[in-house]
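Report on one structure; see the data block that follows.
Proteins get letters first, then strands, A, B, ... in listed order; numbering begins at 1 in each.
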2 protein chains.
Amino acid sequence: MKPETALKRFEDFLRQKELRMTQQRREVLLLAWSTHDHFTAEEMFSWVRKEGGSASRATVYRTLGLLVEGGFLAALERGQGQILYEHILGHQHHDHMICLSCSKIIEFRNAEIERLQEEECERSGFLMVHHSLTLEGYCSACQQRGAVPDAVLDRESEA
Amino acid sequence: MKPETALKRFEDFLRQKELRMTQQRREVLLLAWSTHDHFTAEEMFSWVRKEGGSASRATVYRTLGLLVEGGFLAALERGQGQILYEHILGHQHHDHMICLSCSKIIEFRNAEIERLQEEECERSGFLMVHHSLTLEGYCSACQQRGAVPDAVLDRESEA
DNA sequence: ATATCTGCAAACAATTTGCAGACGC
DNA sequence: GCGTCTGCAAATTGTTTGCAGATAT
């Protein structure tokens, strides 16, 4: 989805909630659409600053909240109390494997899993907006480096 | 897995890391095994207090960190900066649907999805320790209440 | 014995909030 | 013009850390 389209949607969303479109909210939305990567609230704030934007830190946080509420951004919780955001309107979702030793992130996508998720949702009458599948474990490099705790290996050998 | 077994494993884990088993660590591990639900660090601390345990807040946090590191507990990031823990050794994993409106949590388990995840791991040479699949959206009750934002409905109708 | 642990309270980091003035609609 | 927004700085929340004494091995 193009930034202009997203902006239009955002305006609609705000109107419906009887909220107002402001320069600051525009800035944040456009910056969110200027990257295809995850970003934190602080990163967004620094971008605003770099671009000479006028949004304050508080406004950035408030606007990110609105964007998540409206389904424009997905919030991905990933340890250490920091929240990662990514724009999701019109984008394909990907899942993650995260190495507990070196923190490497491997992205993958499996259409069959997606389909089964939809099936589960139908079964429960659940309207899915977003999903997040994260596999935690050890990447092949770390396995070879012997970076896997014995407690984990013990468990593995039992199975 | 029984609490005593878990305790034994924890002792092994500590020994391997040249750390010591203490009364406080024992308390925390056993309390973690006394519930089958998720819990936060603060909840664990209040349990310790209620049981007349001696572990302080700091020790609770430190011990939970150790337990996660050893693969005894899973840490589930779920918004608002709070981390939920659950013991995972010897337990079957379940996934979650979370309602964005009423926060209701629906648990589900789909063996086929689990299998496909394993397949993806093999493909990448990844040793999975834990996985977390969370579907965010709106439960059927909230859909009927009209609690779904229009931006979401619009997106839905396009697809 | 000695190195690790613990409790305490202070430090931290990320995020939220109250309020007075600014600004969309 | 009215009611919402914003910026600021202070408040909150959840978690971590430094240090002196306590404790496991």
Query raised in the report: Are side-chain heavy atoms of B/Leu66 and B/Leu19 found at a separation under 4.5 Å?
Result: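 Yes, side chains in contact.
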From [atom1] of [X] over to [atom2] of [N], roughly how many Å is that when rounded to an integer?
X: A/Arg15; N: D/dT4; atom1: CZ; atom2: P; value: 17 Å
X: A/Phe45; N: C/dA13; atom1: CZ; atom2: C1'; value: 15 Å
X: B/Phe39; N: D/dT15; atom1: CZ; atom2: P; value: 12 Å
X: B/Leu14; N: C/dC5; atom1: CG; atom2: C1'; value: 12 Å
X: A/Glu18; N: D/dT4; atom1: CD; atom2: P; value: 8 Å
X: A/Gln24; N: C/dG24; atom1: CD; atom2: C1'; value: 11 Å
X: A/Leu84; N: C/dT15; atom1: CG; atom2: C1'; value: 15 Å
X: B/Ile83; N: C/dT15; atom1: CD1; atom2: P; value: 13 Å

Query raised in the report: Given A/Phe126 and B/Tyr138, is the ring pair (Phe, Tyr, Trp, His ring centres under 6.0 Å) satisfied, shown in steps?
Result: CA-CA 6 Å; A/Phe126 192 79; B/Tyr138 296 88; 7.9 Å; no
Report task. Spell out protein contact along nucleotides 18-25 of chain D as letters: B when the base is contacted, S when just the sugar-phosphate is, - when no protein heavy atom is under 4.0 Å; keep the 5' to 3' order. Result -> B-----BS
Query raised in the report: Does B/Thr40 have any side chain to side chain contact (heavy atoms under 4.5 Å, CB included) partners at least two apart in sequence or in another chain, and if so, which?
Result: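 Per chain and number, B/Thr40 pairs via side chain to side chain contact (heavy atoms under 4.5 Å, CB included) with B/Glu42, B/Glu43, B/Gln82, B/Leu84.
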Query raised in the report: Using 30° and 60° as the class limits, which term best fits the ring planes of B/His96 and B/His94: parallel, tilted or perpendicular?
Result: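 Correct class here is perpendicular.
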Query raised in the report: Are OP1 or OP2 of C/dA9 and a side-chain N or O of B/Arg57 less than 4.0 angstrom apart?
Result: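 No, outside the criterion.
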Query raised in the report: Do any N or O atoms from the side chain of B/His87 and from the backbone of B/Ala32 form a donor-acceptor pair under 3.5 angstrom?
Result: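 At least one qualifying donor-acceptor pair exists.
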**Report entry** Side-chain donor or acceptor of A/Trp33 paired with backbone N/O of A/Met1 under 3.5 Å
**Finding:**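 Pair found, side chain donor or acceptor close to backbone of A/Met1.
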**Report entry** For B/Glu27, salt bridge (Lys or Arg N to Asp or Glu O under 4.0 Å) partners two or more places apart
**Finding:**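 For B/Glu27 there are no salt bridge (Lys or Arg N to Asp or Glu O under 4.0 Å) partners, ignoring immediate neighbours.
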Query raised in the report: Counting side-chain heavy atoms from CB outward, which of C/dC8, C/dT15, D/dT16 is closest to B/Tyr61?
Result: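 For B/Tyr61, the side-chain atoms sit closest to D/dT16.
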Requested in this report: When you get a sec, tell me which of D/dT15, C/dT15, D/dC8 is the closest nucleotide to the side chain of B/Ala41?
Outcome: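 The listed nucleotide nearest to B/Ala41's side chain is D/dT15.
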